[in-house]
Amino acid sequence: MPRISIIIAESTCLIRKGLSAVIQKLGNVEILQSVSNKVELCDIVNRLKPDILIANSNMLDSDCEDLKKHFITANKMSLVLISEDKSIEDKYNADAFIHYKDNQSKILDVLEEIVNRKAEKKRTNKSNETLSSREQNILKHIALGLTNKEIADQLFISIHTVVTHRKNITQKLGIKSVSGLTVYAILNNLITMDEVK
Amino acid sequence: MKMADVIQMNYMLIPVIHRFGIELGFGDKTVDQVCEENEVDLNFFLQLVNAYHDQDYFPKEELQSIPVREIVAYLKMTHASYLNNTVTDIEQKIKSLELEGNEDKKYIALIRNFFEGYKSELTEHIMREEDVVFPYVLAVDEIIKSEQFTDKNKKVFESFSIEEYEEEHDDVEEKLMDLRTIMIKYVAPPANTNLYHSIIQDLFRLEEDLNYHSRIEDKVLIPKIILMEKSIKNLF
């Protein structure tokens, strides 16, 4: 299963550390960073692109809407808000809420549900998608026996991009070898048998 | 423990004991008795069966006492049985499927080509082991036993190192995995589904057996030779 990445944004040291400790009890997650400074938050979230952002509502205040729009939809990130009282549930639109008075099992329940949902999404995204037209095009070139360098030159992209595409193709199809990919390409009419040397 | 119980626990061991020259029908004889009758080194047999059975099994002290000759002879027998039996059988099945087919013929030809490509890769891999690695291993063994270099084994010893082998020992199974993925995920089965299914099952078994086989090479042979290389360096 893919690991789920988390960023914690909370100015109070006690809560930040305490929450980290509780989250460690969930398997399959990693905390990328804990942020205590409001100003840095936007940058860090943008750079690290976590799957889940757990933030105190006072870290977001007026900017919250902005943050939601820009990061949360663009990065497909889930937002979990921490707060003292329940009234924020009406004020903000988050995927889940954690309250100061929640006990450990309540917090774990809330987070686990989100983590599972994320993990499920990640998995189906990776394995069930069919190839994009770009990937099909790359696959066609691979099947014709071109090297990464040759493909990059022909399509005017960097070798690095070709390698990334190849990785994704292999992951989606479950086929690693060039000759295996060639058979797939023929079966799916991306190339004809005569084109293969 | 009774030999029959060992086999009941893991049927993949049937071809393994066959390679030792042990035939089924041993009744209630123990492993010890069967090995003695067939002149099989009991210690080696046990290490082998354990390594086959348990992925994480790693013999340490026992390793020292297994004769290198025995290991090499066994690995050679395994190679022969892959090339002469398992792989040829699968190839035959694919060919007969191709002969039967009409509209699926094109796809089966693809599969056959792919498998033939795999077969030559496997053959090449095996040949490299038999022509380079095993002679080297036997030379190391000879040097240790006689405690001296001869012109011949010195040349072999200096031409290669087991480290080289460890690095190049890539898994030949990749293509095999691809083939079964293609057959399972991307090809509509031909009219003779029974034969098609049995080919897929054969591929799974071959893959499993090859994995066992490489474990013996990686966990028994290589560590043993590394130790021997070290003691040769200390000797001279």
Side-chain angles (χ1 to χ4, degrees), chain A residues 1-2 27 120-148 150-151 162-197, chain B residues 87 90-91 93-95 97-98 101-125 168-191 193 196 199-200 202-204 206-208 210-211 214:
Chain A
M1 266 220 323
E120 179 62 25
K121 222 176 186 175
K122 260 197 173 173
R123 218 162 31 107
T124 46
N125 271 352
K126 286 274 185 227
S127 61
N128 283 352
E129 254 172 49
T130 44
L131 298 183
S132 67
S133 54
R134 188 57 156 181
E135 284 163 347
Q136 286 188 3
N137 194 10
I138 303 242
L139 175 59
K140 192 175 151 183
H141 286 79
I142 297 172
L144 291 173
L146 272 68
T147 63
N148 286 349
E150 287 165 340
I151 298 174
V162 178
V163 171
T164 311
H165 280 305
R166 277 187 95 131
K167 245 188 237 160
N168 291 339
I169 293 170
T170 293
Q171 197 165 17
K172 282 182 183 175
L173 300 181
I175 303 174
K176 284 186 189 153
S177 64
V178 173
S179 39
L181 290 170
T182 309
V183 171
Y184 176 88
I186 297 173
L187 287 173
N188 288 276
N189 300 318
L190 292 172
I191 54 170
T192 63
M193 243 185 257
D194 311 325
E195 285 178 89
V196 188
K197 285 171 278 182
Chain B
V87 171
I90 297 176
E91 205 177 11
K93 282 188 185 176
I94 299 177
K95 275 184 184 155
L97 200 58
E98 195 183 2
N102 24 45
E103 76 269 32
D104 317 308
K105 210 170 175 174
K106 198 177 102 189
Y107 298 142
I108 306 300
L110 269 180
I111 291 174
R112 181 176 48 77
N113 274 332
F114 188 94
F115 191 75
E116 276 165 7
Y118 166 73
K119 186 185 170 187
S120 55
E121 202 173 273
L122 179 72
T123 312
E124 199 180 300
H125 175 92
E168 68 180 25
H169 199 206
D170 49 1
D171 46 338
V172 273
E173 290 98 74
E174 189 178 273
K175 273 203 172 144
L176 209 53
M177 281 155 67
D178 283 357
L179 180 56
R180 70 164 153 80
T181 306
I182 288 170
M183 290 180 77
I184 293 170
K185 282 176 82 179
Y186 302 114
V187 177
T193 42
Y196 190 75
I199 293 171
I200 296 177
D202 285 350
L203 290 176
F204 270 105
L206 175 60
E207 195 182 316
E208 209 175 327
L210 281 168
N211 276 329
S214 350

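Quick note on labels: first sequence line is chain A, next is B, and so on, each numbered from 1.
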Next item on the list: Determine the option with the most heavy-atom pairs under 4.5 angstrom with chain A, choosing from B:Val187, B:Asn113, B:Thr181.
Entry: B:Thr181
Could you measure the distance from the [atom1] atom of [X] to the [atom2] atom of [Y]? Nearest 0.5 Å is fine.
| X | Y | atom1 | atom2 | result |
| --- | --- | --- | --- | --- |
| A:Ser177 | B:Glu121 | OG | CD | 8.0 Å |
| A:Ser179 | B:Leu110 | OG | CG | 11.5 Å |
| B:Ile182 | A:Leu187 | CD1 | CG | 7.0 Å |

Margin query: A quick test of your reading: do over 12 heavy atoms of other residues, nucleotides or ligands sit less than 6.0 Å from NZ of A:Lys140?
Written below: no
Notebook entry, point to check: More than 12 non-hydrogen atoms from neighbouring residues, nucleotides or ligands closer than 6.0 Å to CD on A:Gln136, yes or no?
Noted result: yes
Checklist line | Sequence-distant partners of B:Phe115, ring pair (Phe, Tyr, Trp, His ring centres under 6.0 Å), two or more places apart | finding: B:Tyr118
Note to self: Test of understanding: with ring pair (Phe, Tyr, Trp, His ring centres under 6.0 Å), list the residues that count as partners of B:Tyr186, not counting sequence neighbours.
What the structure shows: A:Tyr184
Notebook entry, point to check: Where do B:Lys185 and A:Lys172 come nearest, in terms of heavy atoms and distance?
Noted result: NZ-O, 3.8 Å
Next item on the list: Side-chain contact test, heavy atoms from C-beta onward, threshold under 4.5 Å: evaluate it for A:Val183 versus B:Ile111 and give yes or no.
Entry: no
